[in-house]
Every structure is written in structure tokens, then in C-alpha cells.
Amino acid sequence: MKIAIIAINKKGEALAKKIKDGLLNARIISVRMRQNHTLKGLVKSIFNKYEGIVFISAVGIAVRVISPFTKNKFIDPAVVSVDSAGRFAVSVLSGHEGGANRLAYKIASIIGALPIVTTGEEVNKRFVLGIGTRKGISPNGVKTAIRKALIKMGLSLQAIRTVASVELKKKEHGLINACSELGLPLVFVPKESIRHFRGGISVSQVVRRNIGLDGVC
């Protein structure tokens, strides 16, 4: 997916660089550095040139500037809005068909944000699939484990809303590629969030010894 990341101020540019580092085909466009363009004029010039547009801005700003150029969910680019503090990644336009939902999950995993997805198809998916992996696992190994787990639980792939793992696995390409091939959004959870979780968790001595947590999934 060819993606434009639009930063409207200096603070947004720093966050845009962090997001770009985690995406394969992204370009940062700074409104501040293009003083001959208004934000709306800039969006107009690129709206149909990218498959995805990420705004480092409030959702309201993104909605106002894209509204004159939208046509329908089958041809509009995926649009995601990320607040300048990097707290939320919101799927704004072309969520399911255009891939904005998946892009929101991807960006959230890169910067440690909360993905916000409101399309009905995603909301009705009930399950989050937690995965812990050994270093260097292959994509096929992950896919096989996912399929076995789903069969054991009597679930289909379509019932899975997202996959989650600990942030230490951000560079585990076998996990990343497997989820991409299966079309499953993947998010990474900070260690501290897992450490402070209180619930019915079974303790893994192996995980505790290696990464200092009672468990990952």
C-alpha cells in the first residue's frame, strides 16, 4: 500500500517519522515545509495518488479536509487519523474495503497507540488472538499454530478481530508475515500493560525467565 503521512506541525513530523519507519511504502508530507499549500489544497493534489493517507491531526481536521474529495468506499483511499500525542489511531474512511482498519491497527502497533475501528463487520468480531512465539519462528509455523487453535476452539478465522503479542515481538517477521498473509490485524502490547494485568492468568516459568512476565498470551 502506497501511503502518504501528512504532518501539519513540527510535533506531528516527529511522530510521522516514527510511523514511516514501520511501514514499507510511506512518504511524509509536511504542510509546514510547503508554505505555498493550504492543507486542503495539499490533500486535493494527492487524494487519488495514494492508497492510504495518514493525518497526524485531530479527526475533525481530517474529516473536513477530505470531505470535498470523497466518492465511495470502493475507490476512496484508506484514511487514518493519529493524534499528535500518538495515543489513538482512528480508521476514518474506507475502513473495511479500502484497508483503513488494517492500517489503523498497523500504525497502532508501531507507535503503541490504541486502534479505533468502528465499522460493523469489525465490531461484531468477538475474539482477540494472543500469540507468544520463539525467536525466528517461520510464518508457516505461526499459521499452523493459529489454525490448530481455531479448530480446537471451534472458531473460524473470520471470528478473530485482531492478533496481539508483546512489544518485544515487533521485529518478529514470521509473526508479522503470517498475520499479513492471513489478513489478521496485529497489535503489540507494552510489557508494562501485561505486567499490571490482573485476571486468571496461568504462569509460564519459561516466559518469566526470558522476558520477566508471567505470560504473553
Side-chain angles (χ1 to χ4, degrees), residues 1-3 5 17-27 50-52 54 77-78 80 82 89 91 94-117 119 121-191 193-194 197 201-202 204-217:
M1 178 182 278
K2 186 179 178 183
I3 299 167
I5 307 172
K17 289 177 182 177
K18 188 175 181 181
I19 293 171
K20 180 181 182 297
D21 288 343
L23 297 174
L24 291 177
N25 192 13
R27 173 193 177 194
Y50 291 87
E51 297 166 281
V54 179
V80 172
V82 181
S91 174
S94 298
H96 182 67
E97 287 79 5
N101 294 350
R102 191 176 301 176
L103 182 57
Y105 280 114
K106 176 65 175 175
I107 291 170
S109 72
I110 294 169
I111 62 175
L114 179 68
I116 307 295
V117 174
T119 51
E121 184 164 336
E122 298 297 322
V123 172
N124 292 326
K125 293 182 177 182
R126 297 177 53 200
F127 299 98
V128 174
L129 181 63
I131 297 182
T133 69
R134 285 191 170 90
K135 187 175 181 180
I137 193 167
S138 69
N140 284 339
V142 175
K143 288 190 290 186
T144 297
I146 289 174
R147 292 188 177 109
K148 285 182 178 179
L150 292 176
I151 291 170
K152 183 177 180 180
M153 297 302 295
L155 298 174
S156 71
L157 200 64
Q158 288 69 38
I160 304 302
R161 183 183 302 177
T162 187
V163 174
S165 191
V166 66
E167 62 181 350
L168 295 175
K169 298 297 179 179
K170 277 187 175 181
K171 295 184 179 180
E172 197 64 63
H173 295 293
L175 173 61
I176 294 167
N177 292 339
C179 291
S180 177
E181 290 167 16
L182 292 174
L184 294 173
L186 172 63
V187 298
F188 295 99
V189 183
K191 282 180 65 175
S193 296
I194 299 174
F197 179 79
I201 299 177
S202 59
S204 167
Q205 295 300 330
V206 174
V207 176
R208 178 181 281 177
R209 184 169 59 249
N210 289 328
I211 65 175
L213 297 173
D214 288 343
V216 170
C217 58

*Asks:* Between F188 and I176, is any pair of side-chain heavy atoms under 4.5 Å apart?
*Replies:*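 They are in side-chain contact.
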
*Asks:* Under the criterion side chain to side chain contact (heavy atoms under 4.5 Å, CB included), which of V163, T162, L129 is the partner of L186?
*Replies:* V163

*Asks:* Can you see which heavy atom on A100 is nearest to which on S91, and at what distance?
*Replies:*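 Taking A100 first and S91 second, the nearest heavy atoms are CB-OG, 3.4 Å.
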
*Asks:* For K20, does the NZ atom sit with more than 12 other heavy atoms under 6.0 Å from it, leaving out its own atoms?
*Replies:*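 Incorrect, the count does not exceed 12.
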
*Asks:* For E51 and I3, indicate whether the former's side chain and the latter's backbone hold a donor-acceptor pair under 3.5 Å.
*Replies:*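 No, E51 side chain to I3 backbone: no donor-acceptor pair under 3.5 Å.
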
*Asks:* Is any side-chain heavy atom of R161 closer than 4.5 Å to one of R126?
*Replies:*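 Sidechains of R161 and R126: no contact.
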
*Asks:* Nearest 0.5 Å, please: how far is CG in L184 from CD in Q158?
*Replies:*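 The CD atom of Q158 sits 9.0 Å away from the CG atom of L184.
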
*Asks:* For I131 and I146, run side-chain contact (heavy atoms from CB on, under 4.5 Å): C-alpha distance rounded to whole Å, both residues' side-chain angles, the deciding distance at 0.1 Å, then the answer.
*Replies:* CA-CA 9 Å; I131 297 182; I146 289 174; 3.8 Å; yes

*Asks:* Run N140 and K143 through side-chain contact (heavy atoms from CB on, under 4.5 Å) and show every step you take.
*Replies:* CA-CA 5 Å; N140 284 339; K143 288 190 290 186; 3.5 Å; yes

*Asks:* Mind listing the closest non-hydrogen atom pair of P139 and A178 along with its distance?
*Replies:*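 Closest heavy-atom pair between P139 and A178: O-CB, 3.5 Å.
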
*Asks:* What I'd like to find out is whether the side chain of I160 reaches to under 4.5 Å of the side chain of L182, using heavy atoms alone.
*Replies:*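 No, every pair of side-chain atoms sits at 4.5 Å or beyond.
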
*Asks:* Roughly how far, to the nearest 0.5 Å, is the CG atom of L114 from the OH atom of Y105?
*Replies:* 9.0 Å

*Asks:* Might you point out which heavy atoms bring A78 and G99 nearest each other, and give the distance in Å?
*Replies:*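 Closest heavy-atom pair between A78 and G99: CB-C, 3.9 Å.
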
*Asks:* For a 4.5 angstrom cut-off between non-hydrogen side-chain atoms, does R27 reach Y50?
*Replies:* yes

*Asks:* Please confirm whether the backbone N or O of T133 pairs with a side-chain atom of K169, one donor and one acceptor, at under 3.5 Å?
*Replies:* yes

*Asks:* Okay, side chain of K106, backbone of P185: is any donor-acceptor separation there less than 3.5 Å?
*Replies:*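 No.
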
*Asks:* Work out which heavy atom in E172 is nearest to a heavy atom in K135; give both atom names and the distance.
*Replies:* OE1-CA, 3.5 Å

*Asks:* Closest heavy-atom contact between P77 and S94?
*Replies:*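 Looking at all heavy atoms of both residues, the shortest contact is O-OG, 3.4 Å.
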
*Asks:* Heavy atoms, side chains only, cut-off 4.5 Å: are L23 and M1 in contact?
*Replies:*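 A side-chain contact under 4.5 Å is absent here.
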
*Asks:* For S165 and L175, work out which heavy atoms get closest and say how close.
*Replies:* CB-CD2, 3.9 Å

